[in-house]
Amino acid sequence: MAFTQKDTECMALALKLSKLGQAGVGANPMVGCVISSDDKIIAKDYHHQYGHEHAEINALNQIGHKAENCKLYVTLEPCSHHGKTPPCINAIIKSGIKKVYVATLDPNPLVSGSGVKLMKENGIDVEIGLLENNAIEVNRGFFKRMKTGLPFITSKIAMSLDGRVAMRSGESKWITSEASRADVQILRSQNQAILTGSGTILNDNPMLTVRNKKLQSKPLRVIIDSSNSIVDKSLNIFSSDSETLILNPTNSKILKNGKIDLKSALIKLGEMGINNVLLESGSGLNGAMMESSLIDEFIIYTAPVILGSDAQAMMELPIKKMSEKISLNILELTQVANDLKIRAKPL
């Protein structure tokens, strides 16, 4: 059907609200909900915290669950199963809602399609697909994990204009501007885990935390340590600011070359309910992840500096011929102070 401008505005507001739950929903998807009566918004809310009420219930609570002949706009299909909370479907049916607009179906096999089916069986008119692509993009990590078992991987790279990420010695502080480093804090807060390799830990001793406390986010620190080299408990990754998971030969699948099986490691993170992972590593792990086709997106901060041919390249990749080059699709170009921020996806 053709959606009205008012319908689109209500769903756009629900999508905007959904993003407010980013730091709190954990393994759950981000969901927003808007309820209208006679084309006037009477309630709006989102899923705030993992294990707490979903967006639909939060919105219905604002009007005492009395929504006779109202319209409900929700960014993801309402749940029909009992998880941490009771099914949202029951409350929607009892409220008297006459029409529900669903941006997209839930990829979770426990839900997918069943919520819509129950609403229709109880006389509710349901329309699916309003701003669907936007809704999928908001929860791209959740969708990927539900379909593949893998989290969505964003590789953050800070590099010089000549594509170098560190000096030969490993020194890398600081290539980019203070403004770019502040922007990275926001990027970290949008992910449930930060992934790096043991080399980065031993060279830089990073905190790998969200330093901006206003963002209220504590991503899990995940370290790939194929050689069991992380033994010093005084390293910053063992601070109480956030939890840390070391993946080493004692708890991970090892390949014939002695390296940790990266896909298996990411599946483990997916099983932990992690939807989005930020890869902040050196050229070795970045290259290995790229070679295994495990990177979904790049955020590259490029500073107007030159580090020279002795510095480390952004990736260790054994490309010998022009025909083997890896093409990227640039999605967004912005300037952060004097740096260029590039958002791109492998083709």
Side-chain angles (χ1 to χ4, degrees), residues 1-22 24-25 28-140 142-143 146:
M1 67 165 288
F3 299 110
T4 67
Q5 182 178 345
K6 190 64 181 180
D7 292 334
T8 304
E9 289 173 357
C10 285
M11 188 62 82
L13 175 57
L15 283 166
K16 184 178 180 180
L17 288 167
S18 72
K19 297 175 186 177
L20 297 176
Q22 191 160 52
V25 298
N28 286 349
M30 293 173 278
V31 181
C33 179
V34 168
I35 300 173
S36 73
S37 177
D38 296 325
D39 280 343
K40 292 182 179 179
I41 294 172
I42 60 173
K44 57 184 180 180
D45 217 319
Y46 62 98
H47 180 33
H48 291 240
Q49 195 77 27
Y50 180 75
H52 293 196
E53 286 81 4
H54 290 182
E56 304 94 313
I57 304 303
N58 286 333
L60 286 168
N61 284 342
Q62 295 176 7
I63 53 175
H65 286 246
K66 299 184 187 303
E68 194 74 30
N69 295 321
C70 292
K71 295 179 181 178
L72 183 146
Y73 301 82
V74 64
T75 58
L76 191 70
E77 179 182 10
C79 64
S80 56
H81 71 293
H82 201 298
K84 294 285 183 181
T85 58
C88 295
I89 289 296
N90 297 348
I92 291 171
I93 293 168
K94 289 178 182 178
S95 73
I97 292 280
K98 72 169 182 178
K99 188 160 188 174
V100 173
Y101 292 83
V102 177
T104 186
L105 296 179
D106 192 330
N108 187 341
L110 294 174
V111 180
S112 191
S114 61
V116 168
K117 183 172 180 288
L118 279 170
M119 286 190 288
K120 288 181 176 179
E121 287 175 353
N122 283 273
I124 297 175
D125 187 10
V126 182
E127 296 290 345
I128 306 166
L130 177 56
L131 299 183
E132 182 170 26
N133 290 337
N134 305 66
I136 293 172
E137 178 64 18
V138 166
N139 283 304
R140 61 190 189 180
F142 178 75
F143 271 75
M146 285 294 121

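- Using a 4.5 Å heavy-atom threshold, the side chains of Val138 and Lys19 count as touching.
- Put simply, CD1 on Ile63 and NZ on Lys66 are 10.0 Å apart, with the number rounded to the nearest 0.5 Å.
- Tyr50 and His52 have their aromatic ring centers separated by at least 6.0 angstrom.
- The two residues His47 and Glu53 come nearest to each other via the heavy atoms ND1-O, 3.2 Å.
- Rounded to the nearest 0.5 angstrom, Lys16 NZ and Tyr46 OH are separated by 13.0 Å.
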task: Please step through side chain to side chain contact (heavy atoms under 4.5 Å, CB included) for the pair Asp125 and Val100, ending with a clear verdict.
output: CA-CA 6 Å; Asp125 187 10; Val100 173; over 6 Å; no

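- Within the 3.5 Å criterion, the main-chain N or O of Asn108 finds a donor-acceptor partner in the side chain of Asp106.
- Between Asn58 and His48 the shortest side-chain heavy-atom distance falls below 4.5 Å.
- Under a 3.5 Å cut-off, the side chain of Thr75 and the backbone N or O of Gly32 do form a donor-acceptor pair.
- Using a 4.5 Å cut-off on side-chain heavy atoms (C-beta onward), Glu77 and Val116 make contact.
- Glu56 pairs with exactly one of Ile35, Val74, Asp45 by the side chain to side chain contact (heavy atoms under 4.5 Å, CB included) rule, that one being Val74.
- Contact annotation: the side chain of Cys88 approaches that of Ile57 to within less than 4.5 Å [non-hydrogen atoms, C-beta and beyond].
- Atoms CG and CD, from Leu13 and Glu9 in turn, are 9.5 Å apart once rounded to the nearest 0.5 Å.
- Counting heavy atoms from C-beta outward, Ile89 and Cys79 have side chains that stay 4.5 Å or more apart.
- The nearest pair of heavy atoms linking Tyr73 to Ala14 is O-CB, 4.2 Å.
- Around CD of Gln5, the count of heavy atoms belonging to other residues, nucleotides or ligands within 6.0 Å does not exceed 12.
- In this structure, Ser95 contributes its side chain and His65 its backbone to no donor-acceptor pair below 3.5 Å.
- The shortest heavy-atom contact between Phe142 and Asn28 is CD1-C, 4.4 Å.
- Residue Met30 holds its CE atom at 10.5 Å from CG of Leu15, rounded to the nearest 0.5 Å.
- Atom-to-atom distance recorded for Tyr101:OH and Ser36:OG is 8.0 Å, nearest 0.5 angstrom.
- Atom CE of Met146 sits about 10.5 Å away from atom CG of Asn139, to the nearest 0.5 Å.
- Closest non-hydrogen pair, Ala67 versus Leu60, comes out as CB-CD2, 4.2 Å.
- A heavy-atom distance below 4.5 Å is not found between the side chains of Val111 and Leu76.
- A heavy-atom distance below 4.5 Å is found between the side chains of Asp7 and Lys71.
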message: Run the side chain to side chain contact (heavy atoms under 4.5 Å, CB included) test on Thr104 and Ile128 for me, step by step, so that the C-alpha distance in whole Å, both residues' side-chain angles and the decisive distance to 0.1 Å come before the verdict.
response: CA-CA 6 Å; Thr104 186; Ile128 306 166; 5.9 Å; no

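- Heavy atoms only, all atoms of each residue included: Cys70 and Ser37 are closest at SG-CB, 3.8 Å.
- Here the side chains of Pro78 and Met119 are in contact, with some heavy-atom distance below 4.5 Å.
- The two atoms that bring Ala59 and Cys33 nearest to each other are CB-SG, 3.9 Å, heavy atoms only.
- Although no hydrogens or angles enter the test, the distance criterion places a donor-acceptor pair under 3.5 Å between the side chain of Gln62 and the main chain of Lys44.
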